[in-house]
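The block underneath contains the structure these notes are about, expressed in structure tokens.
Here is how names work: the chains are called A, B, and so on, in the same order as the sequence lines, proteins then strands, and each is numbered from 1. Only heavy atoms go into these numbers, but all of them, side chains included; no hydrogens, no water, no symmetry mates.
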There are 2 protein chains.
Amino acid sequence: MQNRLTIKDIARLSGVGKSTVSRVLNNESGVSERTRERVEAVVNQHGFSPSRSARAMRGQSDKVVAIIVSRLDSLSENLAVQTMLPTFYEQGYDPIMMESQFSPDLVEEHLHMLRRRNIDGVVLFGFTGVTEKLLSSWRASLVLLARDAKGFASVCYDDEGAINLLMQNLYDQGHRHISFIGVPHSDITTGKRRHEAYLAFCERHQLTPNFILPGLAMKHGYDNVASVLTPDTSALLCATDTLALGASKYLQEQRIDNLQLASVGNTPLMKFLHPEIVTVDPGYAEAGRQAAAQLIDQVNGRTDPRQIVIPAHLA
Amino acid sequence: MQNRLTIKDIARLSGVGKSTVSRVLNNESGVSERTRERVEAVVNQHGFSPSRSARAMRGQSDKVVAIIVSRLDSLSENLAVQTMLPTFYEQGYDPIMMESQFSPDLVEEHLHMLRRRNIDGVVLFGFTGVTEKLLSSWRASLVLLARDAKGFASVCYDDEGAINLLMQNLYDQGHRHISFIGVPHSDITTGKRRHEAYLAFCERHQLTPNFILPGLAMKHGYDNVASVLTPDTSALLCATDTLALGASKYLQEQRIDNLQLASVGNTPLMKFLHPEIVTVDPGYAEAGRQAAAQLIDQVNGRTDPRQIVIPAHLA
DNA sequence: CTGTTAGCGCGTTCAT
DNA sequence: ATGAACGCGCTAACAG
């Protein structure tokens, strides 16, 4: 690059020593107000900013974090990343992005690369197959998103709360035959927890459950709606908006418009394609913020790994 | 971080000098085959990799690039980013992500921050309002995507070719009344170029154009389909798949199923929601690869900024 | 309060 | 072909 000026130049220009400039730059105490002001003036005047690399070499931290999403085009993950980025930038962290494509092997590969790069921390969007063993060496500098694991920091959605909110809403609307379409239990959060919350609600209110757990692709929703519809069914609850998208397509094709749709997930696309849907926002935006904040606190030793649950709310 | 070993340790462990290790690491000539092998053995054995920051400090490049997307949830941009990431990683570049939200001010702000970080290069997804002036200081280290600007490297889609492909396909299917829904001319590529290609095709084949240019939101598609439908209309061409998504929703609601839909853009979602659509793939994946490759070549002084056009092809 | 000195890990002369 | 010495820009330890 060109002749960027250095801390030394600033020192010369403001007639002080390098260390004083350094102190000012880092807001350290022990600098007279007058000197501080003078140095700051020169710094601003020249738009000086210290070299990241040099800093990193001394401080041992290059202020870089990684965000590993499952897929770049995941609607829900995008909403979380969207709030994560500004949070990182505000704190001076550069977030680099990676895609896991739901492959534990890829995650491992990425983590390896990150280890060698001496990165500060990682936000990992969890999925079935990401084991604790895989992450063990990152305990101190990892935040798991949408998943929890013992001993790891995590930001989770309130699966049970979300389903309850939705069920209660449907129930209050008078629905008594609510079918459920979800994800297999191999997926703990989106699969097991949401399904069980559905079952529990049914039991509490003496409703007859009617469900299927095909998977989390849109096509799964589309292909399986029919199988949970009875003549009585008046509402359909989907574990994710992706499933709801598939279900919605089926319903509109079949011209079934007397079925109240509901889903977890508050993505703009869903709202556009099927405005009549009832959704809960699992708090994607808030989750992104918290995950970033937690990671930063953690790598700075301000807090230990802890598990955060984001409360869901009706959209 | 903890006691990562340094080039010095490797030197000691393999019984050579630091400089020799450095030479091996950088594949420089002037090292005997035997020594090289010995050093490489030690390096691999300990999984050693040189400190990025220290390297950056000497070499002036920290091997970090930025990707500024308009929106994280842009379907088309995602497809390009998806191929960009691996390309950057292969070459040892860390890609950090930013969102412009279609705001020139935000772009400017981000570029400022990147300048101060002494970043190597930027891939910027262009949009209306991004002026050459805004980018002038990045001439050498910027690749514009989906937009071109004089003097800047760019990777563009072949708007005219894409429309022609689609129109020809519809024409060959026997359609003679093809309506068009697009984007205002203030958007040069997606708006003006695609619209003009449509008009030109109509003129060449003596078709009567029937179009509207409401904007690029889904709702624009949804709200405006009706206005371009005549009793004769047998096909509808959409400038983008986002518009097509909106149009598709309208058509399905109105139970209009004798209208052939076509659009530029080959996103999985579109294909799922409306399988009967004819699409051209503008070459998002290829664009991502090329953009990354061009940027890398450029920042390494291997090539000057140049304008690349990706050929479109029927999906 | 402030300036001076000594490295951090690496690439780069310059001798050998 | 190889090693010793120097310095990149910065922070930390030590003097004053």
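Applying the 6.0 Å contact sphere to NE2 of B:His112 captures no more than 12 heavy atoms from other residues, nucleotides or ligands. Atom CZ of B:Arg34 has 12 or fewer heavy atoms from other residues, nucleotides or ligands within 6.0 Å.
Between the C1' atom of C:dC8 and the CG atom of A:Asp62 lies a distance of 14 Å, rounded to the nearest Å. What separates CZ of A:Arg58 from P of C:dA6 is a distance of 14 Å, to the nearest Å. Rounded to whole angstrom, the span from the NZ atom of B:Lys18 across to the P atom of C:dG11 amounts to 11 Å. The CE-P distance, from B:Met57 to D:dT11, rounds to 11 Å in whole Å. Distance CZ (A:Arg12) to P (C:dG3): 15 Å, rounded to an integer number of Å. Between B:Arg52 atom CZ and C:dC8 atom C1' the separation is 18 Å, expressed in whole Å. Spacing between atom CD1 of A:Ile10 and atom P of C:dG3 amounts to 15 Å, rounded to whole angstrom units. Residue A:Glu28 contributes atom CD, which lies 14 Å from atom P of C:dC1 at whole-angstrom precision.
Considering CZ of B:Arg306 and CG of B:Asp148, their distance stands at 14.5 Å, rounded to 0.5 Å.
Geometric assessment of B:Arg71 against the ring of B:Phe102 yields a negative cation-pi assignment under the 6.0 Å and 45° thresholds. In this structure, B:Arg147 is not positioned above the aromatic face of B:Phe127 in the sense of NZ or CZ being under 6.0 Å from the six-membered ring centre and within 45° of the axis.
Within the 4.0 Å cut-off from OP1 or OP2 of C:dG11, at least one side-chain nitrogen or oxygen of B:Ser22 is found. Listed pair B:Arg23 / C:dG11 fails the phosphate criterion, with no side-chain N or O lying under 4.0 Å from OP1 or OP2. Contact annotation: A:Arg55 side-chain N/O to D:dT11 OP1/OP2 distance is under 4.0 Å.
Less than 4.0 Å separates DNA chain C from at least one heavy atom of each of the following residues of residues 31-50 of chain A: A:Val31, A:Ser32, A:Thr35.
The aromatic rings of A:His110 and B:Tyr89 are tilted relative to each other, their planes meeting at an angle between 30° and 60°.
A donor-acceptor pair under 3.5 Å links the side-chain atoms of B:Glu77 to the main chain of B:Ser70, judged by distance alone.
One donor-acceptor pair, N or O on each side, does fall under 3.5 Å between the base of D:dA4 and the side chain of B:Ser19.
Nearest-nucleotide positions on DNA chain D for B:Ala54 and B:Ser29 put B:Ser29 closer to the 5' end.
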